[in-house]
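Note that the numbering runs from 1 along the sequence shown for the chain. Fair warning: this is a prediction, and the values are worked out from it, not measured in the lab.
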Amino acid sequence: MTLRAFCISRSILFVGFCLVCGGCPPQTPEPTLQTSIAPSEVPRPRNAAIPSLAPRTLPTGKRSDADWFQDIAHKSGVRFAYSDGSAGGNYQLIESVGGGVASFDFDRDGVQDLFFSGGGTLLASDSEIKVKGASSGLFRQQNGLQFEEVTTSATLLNDSVYTHGCTVTDIDADGMGDLVVAGFGSVQVWLNNGDGTFSESSHNLQIAKSVWSVNAVGADIDNDALVDLYLLTYSDWQPDPERRCYNDQKLRDICGPTMFPGERDAFFHNLGQSFEDATDTVGLIGPNRGLGIVSADLDENGFIDFAVVNDVQENLLYLNSGSLPFQEDGVLNGMAYSNTGEREGSMGIDLGDFDRDGLPDIWYANYSNQDNSLMRNVGKGGFVHSGDVTGLRGVSRRWVGFGTCFADFDGDGWDDLFISNGHVAYERLDSPYYQPPQLFRNELGNRFAEVGSQRGSYFQTDRSGRGVAKTDLNNDGATDLIVVHQNEPVAVLLNQNYVKFWIRLDLVGTSTERTAVGAKAQIDTTPRSVRWRVAGGSYLSHSDSRLLYSLEDSVPVDVTVTWLGGEQETFSQLKPNKTHILVQNRGAYVAP
């Protein structure tokens, strides 16, 4: 039997997390696994050790001035941990997904605040497992990188839903960031009242869906200046105390995702005062197990598109021609499979321009025994795998990648890469539960070199990472990171790198949707420097929506903004080391 045939045959019996074909180590047989077995057939059940129940000592502030990143979470007052429910000892799929973080300025005071989804608990009885929620957390930034938890005063204290991902958009176009929080069996829509409080409005807006949703993104699909909502779903799964699965050590562990069918994603179209379910109208296919999504104008035709990465299923690329339904072109445009033609276990995703050719490239993190995927845009929404030729082959293959992002961490003008790793199974032989985060420096768009182990104590400790947001907490022009872990305190990684010259752009749509998702802003440097206002990205998280650029000198720059729909205008002589709010129709019109 060939290796490929072996992989295919074994994938039918898959119950752990060795993925289909591409997940098998080269020329190494897949571990012998078992399918779900009735408890009565197992003479002596043995359970994998649950990491959240074992004592663990984490670094407590040993820092060096030479560290590139310093974890200031505890010192800054950001004290929060996501609860995955594993402490109940039920070994359920929901325990593996994790949670996210949103970085946004909810009170419009000029500095970024932080929202964390809370997760939940699993309570077992003799015949059933009940999924319970844990409250999310909102932290308002005060002076000097100090945060105050305001969950209760913001009326966000709510444990009704086991939550995963969170995103920020402006549903009612009032200039205040609203929160959409996805979870098991429900989605919450928290409208920002503008007075420091939020109101849950999913039923009033008719955004209600009784599915297992993991995240959402807000973007305008028909250029009517109203934000629509894509709801990303994971699996048609229900807790089951009788189902037992065993890993490569013959220990009971979490059942893998391929044991459960996927769920069709959902789409809600904004009617002005409420939403309608437009899943059929826009042509979402399914079922699929979605974990990552990013939205931008990928083919530069003036309409918003969606890239969706799935767990052990073909990835999807929804291109929008301006008339519905969308065209799903993942296979045709190179995103559906790995560079060897296999389905990937994909989680986190981001968009950037790693080679500075002015086209939006896509990057997504995959399961162990697979390479992460760097997709170079070759125009019109087409992508080619480029990890092998940029130094990324093999360097993450032992790890399971989740939250990830493009960002110019060192201020040299080239987008670097960060990955938060962590396993989903508890006690496998081939890959540990706690894994190291990774940082890759972009060397002039030609290759990436791993540098994380040299960059601070955070990178010296293995974690089980999930959601990641990139942001600039202290407005100093250096990109910081917020990282969510399973059952352990979140990390607030302050970038100590000094960026001498930079510029930040905050885009505001008027004739387009207010948050300007889909817009592109270009500074005519050599090579060109381009950023996109995206929705989604990373894993279950929302990053700082302001666009940050590193500059070579203090000379004022001209910025050309292409708004969704194709209209262009120039904003001239913008001074470095400042944040500039660019409002549509207040710049100089650029003739087509």
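Under a 3.5 Å cut-off, the side chain of Q438 and the backbone N or O of V395 do form a donor-acceptor pair. Under the 3.5 Å distance criterion, the side-chain polar atoms of D228 are left unmatched by any main-chain donor or acceptor of F267. For the pair N320 (side chain) and D305 (backbone), a donor-acceptor distance under 3.5 Å is absent. Counting only distance, with no hydrogens or angles, the side chain of E300 and the backbone of D297 share no donor-acceptor pair below 3.5 Å. The closest donor-acceptor contact from the side chain of S346 to the backbone of N366 lies at 3.5 Å or more, if one exists at all. Between the side chain of R376 and the backbone N or O of S386 there is no donor-acceptor pair closer than 3.5 Å. D371 places no side-chain N or O within donor-acceptor distance of the main-chain N or O of R393, the cut-off being under 3.5 Å.
At a threshold of 4.5 Å between non-hydrogen side-chain atoms, the residues D222 and H269 count as touching. Counting heavy atoms from C-beta outward, Y318 and E328 have side chains that approach closer than 4.5 Å. Annotation: side chain of Y82 is in contact with side chain of H164 (closest heavy-atom distance under 4.5 Å). Side-chain contact between F409 and F69 is present, with at least one heavy-atom pair separated by less than 4.5 Å. In this structure, the side chains of S420 and Y539 stay at 4.5 Å or more apart for every pair of heavy atoms. With contacts defined as side-chain heavy-atom distances shorter than 4.5 Å, the pair L417/F406 qualifies. Contact check for I419 versus W363: side-chain heavy atoms found under the 4.5 Å cut-off. Using a 4.5 Å cut-off on side-chain heavy atoms (C-beta onward), W399 and P432 make contact.
The line from CD of Q249 to CG of D430 is 9.5 Å long, rounded to the nearest 0.5 Å. Atom CD of E344 and atom CG of D311 lie 11.0 Å apart (nearest 0.5 Å). Rounding to the nearest 0.5 Å places CH2 of W563 at 13.5 Å from CG of N223. Once rounded to the nearest 0.5 Å, the distance linking CG of D355 with CG of N442 reads 8.5 Å. N315 contributes atom CG, which lies 11.0 Å from atom CZ of R343 (distance to the nearest 0.5 angstrom).
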side-chain hydrogen bond (donor to acceptor under 3.5 Å, both in side chains) between T471 and S103, worked out
CA-CA 7 Å; T471 186; S103 176; 2.8 Å; yes
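Heavy atoms only, all atoms of each residue included: D472 and A478 are closest at OD1-O, 3.3 Å. Annotation for L507 and A519: closest pair CD1-CB, 3.9 Å, computed over non-hydrogen atoms. The heavy-atom pair separating T169 from G218 by the smallest distance is OG1-CA, 4.1 Å. The two atoms that bring P437 and T461 nearest to each other are CD-O, 3.7 Å, heavy atoms only. The two residues A219 and V227 have their closest heavy-atom pair at N-CG2, 3.4 Å.
Looking at D544 and K470, no side-chain N of the basic residue comes within less than 4.0 Å of a carboxylate O on the acidic one, giving no salt bridge. Salt bridge status for D265 with K209: absent, with no side-chain N to carboxylate O gap under 4.0 Å.
Between H423 and Y367, the gap from one ring centroid to the other is short of 6.0 Å.
Screening D408, D416, D410 for a salt bridge (charged side-chain N to carboxylate O under 4.0 Å, His left out) involving R441 leaves a single residue, D410. Partner F184 forms a ring-ring contact (aromatic ring centres under 6.0 Å, His included) with one of W237, Y162, Y234 and no other, that one being W237.
Other residues, nucleotides and ligands contribute over 12 non-hydrogen atoms within 6.0 Å of the CD atom of E443.
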